[in-house]
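The next block holds one structure in the form of structure tokens; read it before the comments.
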Amino acid sequence: MELTLLIIVIITALIFEYTNGFQDAANAIATVVSTKTLSPRQAILFAAVLNFFGAFAGVAVAKTIGAGIVDAGSVTQIVILCALIGAIAWNLITWYFGLPVSCSHALIGGLLGASIVHSGFDVVQTQGFMNKVFYPMISSPILGFFIGFMFMLLLHIVAKSMPERINKKFKILQLFSAGTMAFSHGSNDAQKTIGTITLALISYGFLDGSDFHVPFWVIFICALTMALGTAAGGWKIIHMLGNRVIKLKPIHGFAAETSASAIILTASQLGIPVSTTHIISTAIMGVGSTVRFSAVKWGLVGNIVCAWVFTIPMTMLIAGGTYALIRAVFL
């Protein structure tokens, strides 16, 4: 029975990773598609491949998810399963409405909600949550906006010096920035599911909990699943970020992607599970604000921010409620 439950948890984790791929496909390719640097088919294949390789860039974020937010010794297979159900449900709800949200925070909220209902508030590692989740959740979108804004101001100087050739040059440069963005997305987002599956293996007893070691096969299947999810696209969200928030040109796409990927890669090395969605979205807003402040559709941005704010509370509620229901009926 326990082995069957472990297999169910792993399969559910991979379903989450797949939804993460198509929910976050826009992070890497919305700008490159909207500027017509690549066709949608080319962009998706490009992002899927680099997402795959990005997942092998390190396991610092996986360790944070598996051992830095809740007490791993108090987590059961049912807790992990309910956390994943909460995250998947929120991913699908927001995808349906075309709202880009943080799959990372959806998973963290699900893990918190199910763990608290199972063991009480003492299970939460408060310092780890504040330092690795809460503070970065507030600061990283601000950094995305600020760095995107400042970088775009710098590029405006370059653009004025060669206006005839600027569009063609930045179409080429955007291939590199979009590739870096896709790679950075894999380096951070794929790690959350890697950490979750590793936590499930520790809970089952397959791995030693005193040494958070991530097996290679876990990294591989998560990388492959995310790549497949990215290949499935996520056209509502791609359209939202690439066209409806602001109309982008290649120079804007390059600035937004370069700014966002620099923040995400730094966070990945520090083991901080940031929201790639928050960062690229605010970077696009920052870049767009340099054109003119009114160029950004702030009413639409308000809807996106509301979805961000409610992500952790809603996934805590869904996962905690699911665990309470399962406990009442089956346990």
Side-chain angles (χ1 to χ4, degrees), residues 1-17 20 59-91 102-137 191-215 218 222 271-273 275 310-331:
M1 177 63 184
E2 289 187 5
L3 179 59
T4 302
L5 187 56
L6 174 64
I7 294 170
I8 292 171
V9 168
I10 292 174
I11 292 171
T12 307
L14 294 177
I15 293 172
F16 167 77
E17 187 78 307
N20 189 346
V59 294
V61 173
K63 289 181 179 179
T64 297
I65 294 294
I69 296 173
V70 297
D71 179 17
S74 301
V75 173
T76 67
Q77 302 293 327
I78 297 295
V79 166
I80 298 170
L81 180 63
C82 292
L84 289 164
I85 290 171
I88 291 169
W90 188 245
N91 281 353
S102 170
C103 296
S104 310
H105 294 152
L107 180 58
I108 290 167
L111 192 58
L112 285 170
S115 298
I116 290 169
V117 174
H118 173 65
S119 301
F121 285 94
D122 290 341
V123 74
V124 180
Q125 297 189 14
T126 306
Q127 186 175 358
F129 173 77
M130 295 300 290
N131 292 339
K132 292 293 182 76
V133 178
F134 184 77
Y135 295 141
M137 181 175 66
Q191 295 298 315
K192 287 108 182 192
T193 307
I194 291 169
T196 303
I197 292 178
T198 304
L199 182 60
L201 294 172
I202 291 172
S203 175
Y204 177 74
F206 187 83
L207 296 175
D208 181 8
S210 62
D211 179 24
F212 194 88
H213 169 69
V214 180
V218 174
C222 288
I272 300 173
S275 168
F310 283 108
T311 292
I312 288 182
M314 287 301 298
T315 50
M316 285 181 69
L317 185 64
I318 296 170
T322 303
Y323 183 86
L325 180 62
I326 290 176
R327 183 170 61 184
V329 175
F330 298 106
L331 302 180

Residues forming a side chain to side chain contact (heavy atoms under 4.5 Å, CB included) with L14, sequence neighbours excluded: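 Side chain to side chain contact (heavy atoms under 4.5 Å, CB included) check on L14 returns I10, I197, I221, C222, T225.
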Of all the heavy-atom pairs spanning [X] and [Y], show the shortest one and how long it is.
| X | Y | value |
| --- | --- | --- |
| P215 | T198 | CD-OG1, 4.3 Å |
| A106 | T311 | N-CG2, 3.5 Å |
| H118 | S74 | CD2-O, 3.1 Å |
| G109 | M316 | O-CG, 3.0 Å |
| I194 | A62 | CG2-CB, 3.9 Å |
| T64 | P273 | CG2-CD, 3.8 Å |

State the [atom1]-[atom2] distance between [X] and [Y], to the nearest 0.5 angstrom.
| X | Y | atom1 | atom2 | answer |
| --- | --- | --- | --- | --- |
| F121 | I116 | CZ | CD1 | 4.5 Å |
| I80 | L6 | CD1 | CG | 8.5 Å |
| I15 | N20 | CD1 | CG | 13.5 Å |
| I318 | C82 | CD1 | SG | 12.0 Å |
| L112 | I69 | CG | CD1 | 6.5 Å |
| Q77 | T4 | CD | OG1 | 11.0 Å |

Side chain proximity check, L201 to V218, heavy atoms < 4.5 angstrom: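 The answer is yes, as the side chains (C-beta and beyond) meet within the 4.5 Å cut-off.
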Full working for side-chain contact (heavy atoms from CB on, under 4.5 Å) between S115 and Y323: CA-CA 9 Å; S115 298; Y323 183 86; over 6 Å; no
Neighbour count >12 (heavy atoms, 6.0 Å) for atom CZ, F310: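 Counting neighbours around CZ of F310, 12 or fewer heavy atoms of other residues, nucleotides or ligands fall under 6.0 Å, so no.
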Derivation of the side-chain contact (heavy atoms from CB on, under 4.5 Å) call for I272 and V61: CA-CA 6 Å; I272 300 173; V61 173; 6.0 Å; no
Heavy-atom donor-acceptor pair, T12 side chain to L81 backbone, under 3.5 Å: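 Such a contact is absent between T12 side chain and L81 backbone.
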